[in-house]
Number of protein chains: 2
Amino acid sequence: MQRVFEALSSVVRRKILAYLAHADMTAGEIAARFEISKPAVSQHLTVLENAGLVTSEKRGQFVHYRLVPDHLANTLHAYAQEVCPVSKPLKAESARIAAKRKS
Amino acid sequence: MQRVFEALSSVVRRKILAYLAHADMTAGEIAARFEISKPAVSQHLTVLENAGLVTSEKRGQFVHYRLVPDHLANTLHAYAQEVCPVSKPLKAESARIAAKRKS
DNA sequence: TCAGTGATTAAGTTATGTCTTAAATACTAA
DNA sequence: TTAGTATTTAAGACATAACTTAATCACTGA
């Protein structure tokens, strides 16, 4: 929990998660999308991995990173529940999905 | 957005939000629940207020703080949508509420 | 007006985060 | 084996966050 919120506190790391939400990427592909150095990006990836938000897999020369979407969603949802038990956005989302199911 | 996630990255600040989720409190009442100094707590409250997560109101000698629950829920939800468009926990929550409405 | 209380501001220290460059590791292919 | 590429580790600089104590501001009530 602490590690997840710590990880999310950085703009760079949130951008990395956004990239990985669309497609798995190698460390190099991710680094290429930022102005900072590769080691800096590598450190950000380590933070994300320690938070359980991404996983990595070495394939030959490359290290492929991918999102662990459930972990992020679960953590955010758990915290939202804790602080605002019946939050409006969740209810709105629910209504939308419920409406879809009816049709 | 950045300010919200920055605010949430601190254990103390998340605890403050949890306290305020149950009841409005004065700065002193909040500070009494932590081991750190009052000025330190005051600074944390400023961070939370700058993030739009809480508001304060001075009544006489006291400053009352209260949660702005929608802001937190909206931000978390917006971000969850961005990274995992149709996240499982939200769907689970939706299903639960939808079920309630049927009965 | 003055002493006391609640809260914040100011100033300075310490801890932590984030970045850089240089070096090391691991793999690929000539 | 050697050169080249992908990535991480190491070490250190710099900026920012978080905390402390002391001082200040604002309000209350004698």
Side-chain angles (χ1 to χ4, degrees), chain A residues 1-20 22-68 72 75 79, chain B residues 1-20 22-68 72 75 79:
Chain A
M1 180 80 159
Q2 169 57 19
R3 284 185 181 171
V4 169
F5 279 111
E6 218 169 273
L8 293 177
S9 71
S10 151
V11 185
V12 171
R13 289 193 290 266
R14 289 203 305 281
K15 277 189 186 169
I16 291 175
L17 289 179
Y19 280 128
L20 292 180
H22 293 94
D24 297 359
M25 295 168 77
T26 67
E29 288 171 336
I30 295 168
R33 283 160 173 80
F34 295 91
E35 304 263 298
I36 59 179
S37 68
K38 282 184 180 191
V41 172
S42 186
Q43 283 165 16
H44 283 300
L45 287 168
T46 300
V47 172
L48 289 171
E49 191 157 23
N50 287 339
L53 294 170
V54 306
T55 55
S56 63
E57 187 190 349
K58 184 156 193 176
R59 276 184 245 153
Q61 214 168 355
F62 301 87
V63 178
H64 294 257
Y65 282 87
R66 67 181 167 77
L67 199 66
V68 182
L72 177 60
T75 303
Y79 185 66
Chain B
M1 180 82 160
Q2 171 55 23
R3 284 185 182 171
V4 169
F5 279 111
E6 217 170 275
L8 293 177
S9 71
S10 150
V11 184
V12 171
R13 289 192 291 264
R14 288 204 306 281
K15 276 189 186 170
I16 291 176
L17 290 179
Y19 280 128
L20 293 179
H22 291 95
D24 297 359
M25 295 168 75
T26 67
E29 288 172 335
I30 296 167
R33 283 160 173 80
F34 294 90
E35 303 263 299
I36 58 179
S37 68
K38 282 186 178 188
V41 172
S42 187
Q43 284 164 17
H44 282 301
L45 287 168
T46 300
V47 171
L48 289 170
E49 190 158 24
N50 287 338
L53 293 170
V54 307
T55 55
S56 63
E57 188 190 350
K58 182 157 194 177
R59 276 184 245 152
Q61 215 169 352
F62 300 85
V63 177
H64 294 256
Y65 281 88
R66 68 183 166 77
L67 198 67
V68 182
L72 177 60
T75 303
Y79 185 67

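All values derive from a computational prediction rather than experimental measurement.
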From the candidates dT18(C), dT20(D), dT20(C), the one with an atom nearest any side-chain atom of Pro39(A) is dT20(C)

For Ser37(A) and dT20(C), is the shortest distance between a side-chain N/O and OP1 or OP2 below 4.0 Å?
-> yes

Under 4.0 Å between a side-chain N/O of Tyr65(A) and OP1 or OP2 of dA6(D), yes or no?
-> no

Side chains of Met1(A) and Thr75(A): does their closest heavy-atom pair fall under 4.5 Å?
-> yes

Think Thr26(B) has a side-chain N or O under 4.0 angstrom from the OP1 or OP2 of dA7(C)?
-> yes

Side-chain donor/acceptor of Gln2(B) to backbone N/O of Ser9(A), under 3.5 Å | yes

Nearest-nucleotide 5' precedence on DNA chain C, Gly60(A) against Val12(A) = Val12(A)

Looking across every strand, which nucleic acid part, if any, lies under 4.0 Å from Ala40(A) by heavy atom: base, sugar-phosphate, or nothing?
-> base

Quick one: which of dT8(C), dT20(C), dT8(D) gets closest to the side chain of Ile36(A)?
-> dT20(C)

Please determine if a side-chain N or O atom of His44(B) lies less than 4.0 Å away from the OP1 or OP2 oxygen of dC19(D).
-> yes

If you check the Ser10(A) side chain, which of dG17(C), dT18(C), dC19(C) turns out closest?
-> dT18(C)

Can you spot which of Thr46(B), Val47(B), Val54(B), Leu48(B) makes a side chain to side chain contact (heavy atoms under 4.5 Å, CB included) with Asn50(B)?
-> Thr46(B)

Check whether any side-chain nitrogen or oxygen of Arg13(A) sits under 4.0 Å from OP1 or OP2 of dT18(C), and answer yes or no.
-> yes

